[in-house]
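Sequence lines set the chain letters: A, B, ... in the order given, protein chains first and strands last, and positions in each chain run from 1.
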Protein chains: 2
Amino acid sequence: MKPNIVDVASHAGVSKATVSRVINHNPKVNPEIRERVLAAIQELGYQPSAIAQNLATSTTNTIGLILPDITNPYFPALARGIEDAAHRLGYGLFICNTDNDFATEQEYIQKMVHQRVVGIILISSVLKEKNVKDMQQLNIPFVLCDRLLVDSPFDSVTIDNYKAAYEAVLHFIGQGHKDIVHLAGPPNVHSAIERRQAYIDAMRAHQLPPVVANGSFNYDAGYHAMEELLQHMTPTAVFAANDLVALGAMSAIFKKGLRIPEDISVVGCDDILFAQMSYPKLSTISVPAYQIGEKAVELLIDRCKGVNDGETRNIILSHTFIQRES
Amino acid sequence: MKPNIVDVASHAGVSKATVSRVINHNPKVNPEIRERVLAAIQELGYQPSAIAQNLATSTTNTIGLILPDITNPYFPALARGIEDAAHRLGYGLFICNTDNDFATEQEYIQKMVHQRVVGIILISSVLKEKNVKDMQQLNIPFVLCDRLLVDSPFDSVTIDNYKAAYEAVLHFIGQGHKDIVHLAGPPNVHSAIERRQAYIDAMRAHQLPPVVANGSFNYDAGYHAMEELLQHMTPTAVFAANDLVALGAMSAIFKKGLRIPEDISVVGCDDILFAQMSYPKLSTISVPAYQIGEKAVELLIDRCKGVNDGETRNIILSHTFIQRES
DNA sequence: TTTTAGTGTGAAACCGGTTTCTCAGGAGTT
DNA sequence: AACTCCTGAGAAACCGGTTTCACACTAAAA
């Protein structure tokens, strides 16, 4: 049905080895014969099977991406950065959503190994130190985004969450705010922990009492935490663990009849697309998600090609504080 | 390095045919031998190569998804629906972003054919009737989301954009609005065209003068179109081509010092995640993106398995009008 | 003219599985 | 005891490419 390399070969009157050489741009084939082969390929509408090529070369041109949920507004930019970089380097992209479920994550890692992807970019908050050994036994390169394991043997790329959060709090303090609260993220997620700790440290360093509301990385959590908080006190500034939480908080603030930023200032983190579309536009810490994705692919491919056999690389990209209207 | 089927076979003292049978749960292998093979698999940490399996069976368990831009908030839900359904049915997902560029789209289609995906889910606004023949020659199943080709030979799944938009306008009219404007989407995108036409028809049917501002499917376009419009007139209702445009319009309305919905009501379309996070929460037409994705996969797999060799199926999923605060 | 080196091409092995086909051996019949 | 029928397992062909290796042929050197 679909023509294969032998069809092309006999159609052009050559051996399949020669056709293979033409396909792979091997320079040492007679130009005249090359033309004949190319013509045959054209006529038959032949396209080599990547499957067969992969089997023969014992490698694929595919990388795997495992992330919590593409529906979470932080991830599309990351995914896009990964995809663009991957395609630019000649790789395809396999994708999976784990919903932060450990079993699902392990299952998908297996699935990718099965598919023989050359490497995996893993964004996980459920991974634990004790899983590292198992993963290493898989003998496949991993790159972690938003590093969650300290001293892990895997390459990673992230931002300095502690520093970013510290600066954000400093920004508030610099403006004269004293009642600054923090709406924290999930207590088991690395980036959330760092941001929370930075907030506490910054407050203490200025003799201000830290007030943190525990929560999750989503809108509803932000809304409810803020609503709850407003029953007891009225802070002048809110530092949210991420933009979704900030947006939820803003909604609760409005609901209470307060103004932003006149009564309460709000700062989020991530700079998701909607940070610039909200009303008022959300001030936030811009996390270069797209670039993190690009960089992750670079690390991964280097690792696959053996460019970097040495020590693990933990890249830290720089964030930016973006002052908008909130 | 990685063990292969022969390693397992000799380790278990059987032939590779038997190992293959065990892997594929072929019922006719002696339980005792099966155990031996499974033990060998365990010990060696063997996992069959999907590549080799694919080559041997001349099929893959991978489907391709080609979409404009995962960064556009409409698509993550769609993609997620596709991914969930695909994995549920045992398929992996290959993904590509085209940025609505025709050449890129064609390139990726080729790439997917090269990868031997079993079928392609294509979300495109640049596809033209004249490309259909070429695509058919590829001899690979396609499913289109948001059908853009009339009478195409491809399966598709979409919503009734015309009806949805008509109802939205009717909703405004029912509330007594007379000055209703439409912020249209790109003039070459099928869904945008239908929504626009429905608006015009609905207005005319009620002897109201249609006012449409041309635009694009993004926030800035909505903002600028609305800003421009407000210099000439002050409508009481705005029907935007999608939520992004609606959000942009809302921002321009606020900027002008007007209130929503007291002065101007706004309705969008798609019900992206942020429609429920904006302030005020955006009223919109809910497009079941997740379900569209799921359904697309079903159609595709049916087609691949030959369950449906017959006529093309054009599924129309139902939308819902969601009244929120705008 | 013979030798040597170099070049382009084909035959065949190989990648790691699946599947057909063959056959040995045991159970059931007559 | 001889025959047929099953059953389970192995040998070998196959999927569609790549790559090694051998070799025929040409061109340059002696």
Side-chain angles (χ1 to χ4, degrees), chain A residues 1-38 40-41 44-62 90 92 111 113-118 139-140, chain B residues 1-38 40-41 44-62 90 92 111 113-118 139-140:
Chain A
M1 117 114 271
K2 251 194 230 300
N4 64 19
I5 200 171
V6 178
D7 299 329
V8 175
S10 62
H11 194 272
V14 300
S15 76
K16 61 182 200 162
T18 298
V19 176
S20 174
R21 293 192 183 101
V22 170
I23 293 171
N24 295 295
H25 308 101
N26 185 319
K28 40 180 49 175
V29 323
N30 187 315
E32 187 189 331
I33 292 191
R34 173 192 308 285
E35 286 312 313
R36 244 176 38 222
V37 171
L38 288 175
I41 289 177
L44 272 52
Y46 167 74
Q47 182 163 31
S49 158
I51 307 274
Q53 292 177 315
N54 290 339
L55 182 60
T57 56
S58 301
T59 181
T60 61
N61 35 359
T62 306
K111 195 159 183 165
V113 171
H114 181 208
Q115 290 293 336
R116 298 292 193 262
V117 298
V118 296
N139 212 358
I140 186 175
Chain B
M1 114 110 279
K2 251 193 229 301
N4 65 20
I5 199 170
V6 178
D7 300 328
V8 175
S10 61
H11 194 271
V14 299
S15 74
K16 60 182 201 162
T18 298
V19 176
S20 175
R21 292 192 183 102
V22 171
I23 293 172
N24 295 294
H25 306 102
N26 187 319
K28 40 180 48 174
V29 323
N30 188 312
E32 187 190 330
I33 291 192
R34 172 193 310 285
E35 286 312 315
R36 242 174 42 219
V37 171
L38 288 176
I41 289 178
L44 273 52
Y46 168 74
Q47 182 161 33
S49 158
I51 308 273
Q53 291 178 315
N54 290 338
L55 182 60
T57 56
S58 302
T59 181
T60 62
N61 37 357
T62 306
K111 193 157 185 166
V113 171
H114 180 208
Q115 290 292 338
R116 298 294 192 265
V117 298
V118 297
N139 213 359
I140 186 175

What does A:Val14 touch in the nucleic acid at a heavy-atom separation under 4.0 angstrom: a base, only the sugar-phosphate, or nothing? sugar-phosphate
Practice item. Indicate whether OP1 or OP2 belonging to D:dA9 is found under 4.0 Å from a side-chain N or O atom of B:Thr18. Key: no
From the candidates C:dT19, C:dT9, D:dG17, the one with an atom nearest any side-chain atom of B:Ala17 is C:dT19
Looking only at heavy atoms, the pair that brings A:Val14 and A:Val37 closest together is CG2-CG2, 4.0 Å
Tightest non-hydrogen contact, residues A:Ala9 and A:Val19, listed as CA-CG2, 3.6 Å
Quick note, A:Ala56 side chain, CB onward, closest among C:dG16, C:dT18, D:dT18 is D:dT18
B:Lys28 NZ to C:dT18 P, in whole Å, measures 17 Å
Closest to the side chain of A:Tyr46, out of D:dG17, C:dA12, C:dT18, is D:dG17
Requested in this report: For B:Val19, answer base if it contacts any base atom (sugar-phosphate contacts may also be present), sugar-phosphate if it contacts only those atoms, and nothing otherwise; contact means non-hydrogen atoms under 4.0 Å.
Outcome: nothing
Nearest-nucleotide check on DNA chain C, B:Ser49 vs B:Arg21; residue mapping nearer the 5' end is B:Ser49
Exercise for the section: Check whether any side-chain nitrogen or oxygen of B:Ser15 sits under 4.0 Å from OP1 or OP2 of D:dA9, and answer yes or no. Expected result: no
Quick one: does B:Ser10's side chain have a donor or acceptor within less than 3.5 Å of a partner on B:Val6's backbone? yes
So, is B:Asn30 close to the D:dT7 phosphate, meaning a side-chain N or O under 4.0 Å from OP1 or OP2? no
Side chain B:Asn24, main chain B:Asn26, donor-acceptor under 3.5 Å: no
Q) For B:Ile51, which contact category applies under a 4.0 Å heavy-atom criterion: base, sugar-phosphate, or nothing? A) nothing
Any N or O donor-acceptor pair under 3.5 Å from the base of D:dG16 to the side chain of A:Lys16? no
A:Asn26 atom CG is separated from C:dT7 atom P, nearest whole Å, by 13 Å
Correct closest heavy-atom pair for A:Arg21 and A:Val29 would be CB-CG1, 3.7 Å
B:Ile5 CD1 to D:dG10 P, in whole Å, measures 12 Å
Between A:Arg116 and B:Gln47, the two heavy atoms sitting closest are NH2-O, 2.9 Å
Taken to the nearest whole Å, CZ/A:Arg36 to P/C:dG8 is 15 Å
So, does B:Asn24 get its side chain near the phosphate of C:dT18, meaning an N or O under 4.0 Å from OP1 or OP2?
yes
Whole-Å distance, B:Gln115 CD to D:dG16 P, equals 16 Å
* Asked: So, is B:Ser20 near the phosphate of C:dT18, with a side-chain N or O under 4.0 Å from OP1 or OP2?
  -> yes
Rounded to whole Å, CG of A:Leu44 lies from C1' of D:dG16 at a distance of 15 Å
A:Arg34 CZ to C:dT7 P, in whole Å, measures 16 Å
Atom CZ of B:Arg116 and atom P of D:dC15 are separated, to the nearest Å, by 14 Å
